[in-house]
Amino acid sequence: MQKFNQKSNAASRYILFIVGLGLAFPISGLITKYIEILSNGNFVFPYAMPLIMLFITWGLYRLDGWGLSALGLNPSVRHLLYFPAGFIFSLLFYSITIILISLITGAPLSISPDPKVNTLYLLMGAYQLFASVLLEELVFRGYCFMKTKAITNVRTAQIIFALLFVVYHWVNKNLFGQPVVMMIFLVYITLGHLLFSTALLRSGSMYLSLGIHLGWNWTDIFIFGKTAGEKTLYITTYDSGSWFYFIVKQSVSVVVILFMIWLLQRLVKRRSAAPLQLSEQR
C-alpha cells in the first residue's frame with residue numbers, strides 16, 4: 001500500500017511538472033518579448049524559461065515538504081565552489097579532447113584573427129549559454145529524475161532520463177533520418193547524461209553538474225571552432241564536415257567522458273540525499 005501511495009504521489013507530481021513545462025513555453029515567450037520591447041531590442045534575456053522551471057521545481061519540492069536544498073541548490077560555500085570547480089574540470093578535459101583530436105587528424109590549431117572574439121564576446125557567450133544549461137539540468141536531472149530515483153532505483157532513473165536526453169538532442173539537431181549519426185549521438189549524449197548525473201549524485205549539488213555542463217558546452221562552442229568561419233578563440237583548418245573528423249571527435253570524446261566519470265567517482269565524496277529519501281516517506 002505504501003508503494004502504491006508513493007507511485008500515485010509521483011504520478012501526480014509528474015503531471016504537474018509536464019503541465020508546468022507546457023505552460024512555461026508561451027509564458028516565457030511573452031516575458032522575453034516584453035523585455036525585448038522595453039529595451040528596444042538591445043537586451044537579450046534568455047532566462048525566462050529556466051527561471052520558470054526553477055520556480056516549478058521549487059514548488060514541487062515544497063509540496064514534498066522540502067525546497068531547492070533537495071538538489072543542493074542552497075547557496076552554501078561548498079555548493080557555490082562546486083560551480084567554478086566543475087567549469088574548470090570540463091574546460092581542462094575538453095581542451096585535452098581537442099588537442100588529441102588535432103594530433104590524430106593532423107588539424108592545426110591557431111588563434112582566431114576575428115577581432116570580435118574578445119573577452120566580452122566570450123563572457124556574453126557564457127551568459128547566454130548558461131540559460132540552456134540550467135534548463136536542461138532542471139528538466140533532465142532535476143525533480144523528476146530524482147523522484148524516479150527515489151521510487152525505483154538509480155539504474156532505472158538513469159536509463160529513462162538518458163533516453164529522454166538523447167531524444168531531446170535528436171529533435172533539437174534534427175537528426176531523424178540519419179541512423180548512423182543518431183546511433184553515435186545515442187552513445188555520446190547518454191554518456192553526457194551520465195557525466196552530469198554522476199556529478200549531481202556524488203556531490204549532492206546541482207551546482208557541480210551545472211558547472212561541468214556549462215564548461216563543456218562553452219568550450220565546445222566558444223573556444224575551439226572547427227572552421228575559420230566560426231567565431232571561436234581557436235580555429236582549425238580541418239574539414240569538420242568530413243566523416244573522419246566526426247568519428248574521431250566522437251570517439252575521443254567518449255573515451256574522455258568515460259575517464260571524467262571515473263574521476264568524479266574517485267574524487268568527489270558522496271553526499272547524503274537524505275531529504276529526498278525522507279520526502280518519499282511522507
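Residue numbers start at 1 and run along the sequence shown.
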Mind checking whether I257 and W216 have side chains closer than 4.5 Å, heavy atoms only? yes
Do other residues, nucleotides or ligands put more than 12 heavy atoms under 6.0 Å from the CZ atom of R266? yes
Main chain of G72, side chain of S205: is a donor-acceptor contact present, judged purely on distance under 3.5 Å? yes
Treating S90 as the side-chain partner and I212 as the backbone partner, does any N or O pair qualify as donor plus acceptor under 3.5 Å? yes
Is any side-chain heavy atom of I31 closer than 4.5 Å to one of I27? yes
Main-chain N/O of I98 paired to S102 side chain as donor or acceptor, under 3.5 Å: no
I'd like to know if the side chain of S251 and the backbone of V248 have a donor-acceptor N/O pair within less than 3.5 Å. no
Distance-minimising heavy-atom pair for S203 and R78: O-NH1, 3.7 Å
Nearest-0.5 Å distance that lies between atom CD in E136 and atom NE2 in H213: 4.5 Å
Beyond-backbone contact of Y82 with F89, side-chain heavy atoms, under 4.5 angstrom: no
Distance flag, aromatic centroids of H169 and F140, threshold under 6.0 Å: no
Quick one, N42 with S39, criterion side-chain hydrogen bond (donor to acceptor under 3.5 Å, both in side chains). Give me CA distance, side-chain angles, the key distance, then yes/no. CA-CA 5 Å; N42 295 320; S39 65; 6.0 Å; no
Hey, mind stepping through Y127 and Y47 against ring pair (Phe, Tyr, Trp, His ring centres under 6.0 Å) and telling me if it holds? CA-CA 10 Å; Y127 161 76; Y47 285 89; 5.3 Å; yes
Of all heavy-atom pairs between L21 and M49, which one has the smallest distance, and what is that distance? CD1-CE, 3.7 Å
Got a second to check how far L208's CG is from L81's CG, nearest 0.5 Å? 11.0 Å
Nearest heavy atoms of V154 and L201, plus distance in Å: CG1-CD1, 4.1 Å
Could you tell me if the ring centre of F165 sits under 6.0 Å from that of F145? no
Assess whether side chain to side chain contact (heavy atoms under 4.5 Å, CB included) is satisfied between K147 and D64, documenting all intermediate values. CA-CA 10 Å; K147 193 76 169 177; D64 288 342; 3.2 Å; yes
Residue that, paired with K249, satisfies side chain to side chain contact (heavy atoms under 4.5 Å, CB included) out of T97, V254, D220: D220
Between T148 and Y14, is any pair of side-chain heavy atoms under 4.5 Å apart? yes
All heavy atoms of F17 vs all of L138, minimum pair found to be CZ-O, 4.1 Å
What is the minimum heavy-atom distance between I261 and L194, and which atoms define it? CD1-CB, 3.8 Å
For S197, does its backbone N or O pair with a side-chain atom of R141 as donor and acceptor, under 3.5 Å? no
Student check: side-chain heavy atoms of Q250 and Y188 closer than 4.5 Å: yes
Please evaluate residues V19 and I15 with respect to the criterion side chain to side chain contact (heavy atoms under 4.5 Å, CB included), reporting the C-alpha separation (whole Å), side-chain torsions for both, the decisive distance (0.1 Å), and the verdict. CA-CA 6 Å; V19 170; I15 292 171; 4.2 Å; yes
Y168, OH atom: more than 12 neighbouring heavy atoms under 6.0 Å: yes
For L16, what residues pass the side chain to side chain contact (heavy atoms under 4.5 Å, CB included) criterion, not counting sequence neighbours? L60, L63
Pair W66 + Y61: ring centers closer than 6.0 Å: no
Heavy-atom closest contact (A24 atom, I52 atom, distance): CB-CG2, 3.6 Å
Flag the pair F130 / P50 as yes when at least one side-chain heavy-atom distance between them is below 4.5 Å, and no otherwise. no
When rounded to the nearest 0.5 Å, the distance separating CG of L54 from OH of Y143 is 14.5 Å
Indicate, with yes or no, if the rings of W218 and F87 have centres closer together than 6.0 Å. yes
When rounded to the nearest 0.5 angstrom, what is the spacing between CZ in F25 and CE in M53? 8.5 Å
Please tell me if the side chains of F83 and L210 come closer than 4.5 Å, counting only heavy atoms from C-beta onward. yes
I'd like to know if the side chain of S12 and the backbone of N9 have a donor-acceptor N/O pair within less than 3.5 Å. yes
I'd like to check I37 versus Y34 (side-chain heavy atoms, cut-off strictly below 4.5 Å). Are they in contact? no
